[in-house]
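Each remark here refers to the structure printed beneath this line.
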Number of protein chains: 2
Amino acid sequence: MATTIYDVAKLAGVGLGTVSRVLNNSPAVRDSTRQRVQAAIRQLDYTPDPIARSMTRGRTGTLAVIIPFFTRPFSIEVLRGIEASTSRLGFELVVYNIENDAQRDDCFRRLPMSRKADGLLVVSVSPKDVFIPNFAQAQLPTILVDAYNPSITSVVVNNVDGSYAAMKYLLEKGHRRIGFINGQIEGNFKFNQANDRLIGVHRALGEAGINFEPELMEIGSWDRQGGRLASQRLLNLKNPPTAIFAASDVQALGTLETAKAMKLSVPRDLSIMGFDGIELSEWLELTTMQQPMYHMGELGMALLMEQIENPQKPPELIRLNTELVERSTIGSPKIRNEQ
Amino acid sequence: MATTIYDVAKLAGVGLGTVSRVLNNSPAVRDSTRQRVQAAIRQLDYTPDPIARSMTRGRTGTLAVIIPFFTRPFSIEVLRGIEASTSRLGFELVVYNIENDAQRDDCFRRLPMSRKADGLLVVSVSPKDVFIPNFAQAQLPTILVDAYNPSITSVVVNNVDGSYAAMKYLLEKGHRRIGFINGQIEGNFKFNQANDRLIGVHRALGEAGINFEPELMEIGSWDRQGGRLASQRLLNLKNPPTAIFAASDVQALGTLETAKAMKLSVPRDLSIMGFDGIELSEWLELTTMQQPMYHMGELGMALLMEQIENPQKPPELIRLNTELVERSTIGSPKIRNEQ
DNA sequence: GTATTCTGTGGAAATGCTTCCATAGTTCCA
DNA sequence: TGGAACTATGGAAGCATTTCCACAGAATAC
């Protein structure tokens with residue numbers, strides 16, 4: 001049916017070992033022989049079967065990425081970086097989207113055992129500790145991006161510093177009552193990011209000598225709806241905040257929508273700070289803390305390559321910095337008493 | 001190293017054939033034997049090697065999708081539908097992003113030959129006719145989504161009717177000078193979509209007895225920048241249009257930005273109609289022609305499954321309808337002379 | 001009580017490659 | 001000129017499965 005290495009060998013009048021050597025660019029082939037074999041390959045339009053190759057080589061030429069909600073703008077942007085590196089390196093990319101705990105655990109249980117991929121990139125999810133031994137035992141090189149586990153090399157953004165800087169910026173603008181919309185800490189997935197961002201908020205508040213008021217913190221899903229609902233609760237307080245810091249740009253969008261619905265002008269009546277720096281933030285003129293999303297994907301891939309080449313490499317933790325992008329959703333608060 | 005079927009056989013005290021039968025749920029295994037084998041499998045924590053399985057079965061359990069610019073919101077939305085179906089059916093998804101002609105041709109040349117995937121979904125690109133024989137010969141079941149080729153089952157949106165309806169809506173609102181921003185017809189890829197949309201525009205104009213004025217049609221890249229530049233040209237005409245119909249929502253966003261920059265109020269001074277119905281259009285309150293993107297992905301997958309089960313199935317062309325979503329970027333034109 | 005069918009089961013063959021070992025031919029050096 | 005050291009090559013073994021054929025033993029039929 002399909003043409004195999006034998007057909008090529010026969011046509012070229014050589015042994016199959018020689019064909020294999022030509023295919024793998026072994027130098028131990030006389031030039032004239034190489035020519036003949038290559039001619040036969042062309043004539044038969046032969047392509048080596050990748051599955052059979054994986055069989056003997058023990059490598060698949062495939063990289064896997066586990067990514068929850070791969071339709072979130074943040075994830076997509078990370079994925080872009082991953083995809084670009086992957087294809088540049090000549091690997092193929094298998095995408096495992098996970099939408100719930102069961103799927104996640106399934107992935108982490110199964111993937112390491114099956115030799116389906118040469119490496120694994122996990123984005124925005126931390127495998128439960130239970131599964132860590134699987135990885136170690138299966139020797140599947142793995143890197144975490146936007147997630148952290150001490151026994152796996154991880155690339156994260158410095159969420160504490162990021163949210164600290166965001167809050168500090170707001171404080172410097174004169175805001176004293178600042179609402180904070182955080183993402184779910186222990187929702188479907190363990191986003192420690194949320195916790196870190198909360199720590200940053202506390203720190204900035206503490207330095208400014210302002211008490212953390214629980215009523216000014218709301219937790220919502222990481223999407224627009226989450227931001228919308230949380231901001232409604234915040235802005236309906238008796239003493240509403242003059243600024244809102246949202247843990248994601250999409251939540252900031254929801255906040256913007258609430259403001260519009262309540263006829264609040266941004267930034268005159270309400271200042272809004274986002275987090276992520278997705279393309280949307282640019283359209284919205286949203287002031288935000290930019291994460292190096294694309295770069296996180298690229299870097300994750302680079303680290304994965306190192307891990308594949310040297311599986312003994314000890315795990316490390318890489319922290320990247322966020323960057324404040326000033327746009328036009330933040331101003332100084334009106335002085336309430338002057339009014 | 002890794003535990004194989006032999007280890008299981010030995011532990012369970014059966015032949016390897018029996019283990020294989022248990023793994024594949026063959027009914028021809030005595031119940032007591034099955035129990036013993038399953039116990040051994042659990043004890044060794046054995047997982048069959050998917051590569052070796054593919055080797056003998058001739059199937060890979062993997063589906064490939066070729067998708068250009070997989071970061072465009074439209075593509076993502078289609079991909080969502082594809083991913084959901086794929087994982088529901090227990091397949092894995094390999095994503096090939098293509099960004100230029102060379103990559104595209106490479107994909108189309110290579111993929112059919114290598115038995116890497118059991119089926120292929122191609123989104124928004126039509127393979128050159130040269131490669132069609134490859135597919136036929138290689139028996140790789142293939143479906144086109146948002147693209148068309150007579151010899152491959154294709155799922156498309158009725159672009160002619162869609163743009164016809166969009167234009168008609170604008171005409172009914174009283175607009176007579178309507179700018180049309182189209183995507184590149186023969187740019188990097190062959191998007192016949194662009195051509196079809198142009199035909200719809202012509203038809204609506206013709207029915208209304210209005211001449212098509214070439215200066216009112218601009219071609220831009222399918223992104224925001226393309227929309228921005230094209231709309232600038234349009235609005236700087238001596239006699240600028242009162243409405244602009246953009247071939248994608250992202251281009252409509254660019255148009256919105258131009259309008260803002262030129263201090264034109266939408267829809268008072270300028271009406272804008274988009275195309276696609278991505279989430280963004282909702283945030284922007286953009287009136288647009290909605291494509292059933294997610295559904296297109298799902299449907300493509302369903303058709304692919306049929307094709308895999310019955311490779312002899314003749315190609316068919318499935319046209320889906322678009323739907324006008326009225327939001328707030330379209331009004332009636334000011335009567336210039338009254339002014 | 002023998003011939004026939006059925007039911008489980010074992011294991012060889014096959015899948016298409018890479019790798020390694022053996023070998024024939026060639027070159028080199030004393 | 002005889003062996004040592006290379007070089008190029010052929011092909012067997014091995015990779016981890018599935019599938020198929022053969023066969024033993026049990027059940028059934030006559």
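Per the geometry, CZ belonging to Arg59(B) stands 14 Å off C1' belonging to dT15(C), to the nearest Å. Atom-to-atom, CZ of Arg53(A) to C1' of dG14(D) comes out at 17 Å; the value is rounded to the nearest Å. The CD1-C1' distance, from Ile51(A) to dC15(D), rounds to 14 Å in whole Å. Here the P atom of nucleotide dA16(D) and the CE atom of Met55(B) are 12 Å apart, to the nearest Å. The distance between atom NZ of Lys116(A) and atom C1' of dA16(D), rounded to the nearest whole Å, is 15 Å.
Salt bridge Asp7(A)/Lys10(A): absent, no basic N to carboxylate O contact under 4.0 Å. Salt-bridge formation is detected for the pair Glu77(B)/Arg80(B): a Lys NZ or Arg NE/NH1/NH2 atom is positioned less than 4.0 Å from an Asp or Glu carboxylate oxygen. With respect to Arg104(A) and Glu99(A), no salt bridge is recorded, no charged nitrogen being found less than 4.0 Å from a carboxylate O. Ionic pairing of Arg110(B) and Asp106(B) is present here: one or more N-O contacts between side-chain nitrogen and carboxylate oxygen are shorter than 4.0 angstrom.
Direction of the helix axis in the helix from dG1(C)-dC30(D) to dA30(C)-dT1(D) shifts by 50° between the two five-pair termini, rounded to 10°.
When distances run from any side-chain atom of Ser20(A) to the nucleotides dT17(D), dC17(C), dT19(C), the shortest one goes to dT19(C). Side-chain proximity of Tyr6(B) to dT17(D), dT18(C), dT18(D): nearest is dT17(D). Among the nucleotides dC17(C), dA16(D), dT18(C), the one closest to the side chain of Arg57(A) is dT18(C).
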Discussion item. One character per nucleotide, please: for nucleotides 4-10 of chain D, 5' to 3', B when the base has a protein heavy atom closer than 4.0 Å, S when only the sugar-phosphate does, - otherwise.
Written reply: ----SBB
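Checked by atom type, the side-chain pair Arg34(B)/Asn25(B) shows no donor-acceptor distance below 3.5 Å. For the residue pair Tyr96(B) / Gln103(B), no side-chain donor-acceptor distance below 3.5 Å is found, with atom types taken as modelled. Of the N and O atoms on the side chains of Ser126(B) and Asn149(B), not one donor lies less than 3.5 Å from an acceptor on the other residue.
With Pro68(A) as the partner, the side chain to side chain contact (heavy atoms under 4.5 Å, CB included) test is satisfied by one option alone out of Val122(A), Ile98(A), Asn100(A): Ile98(A).
One N or O on the side chain of Thr153(A) and one on the backbone of Glu316(A) form a donor-acceptor pair closer than 3.5 Å.
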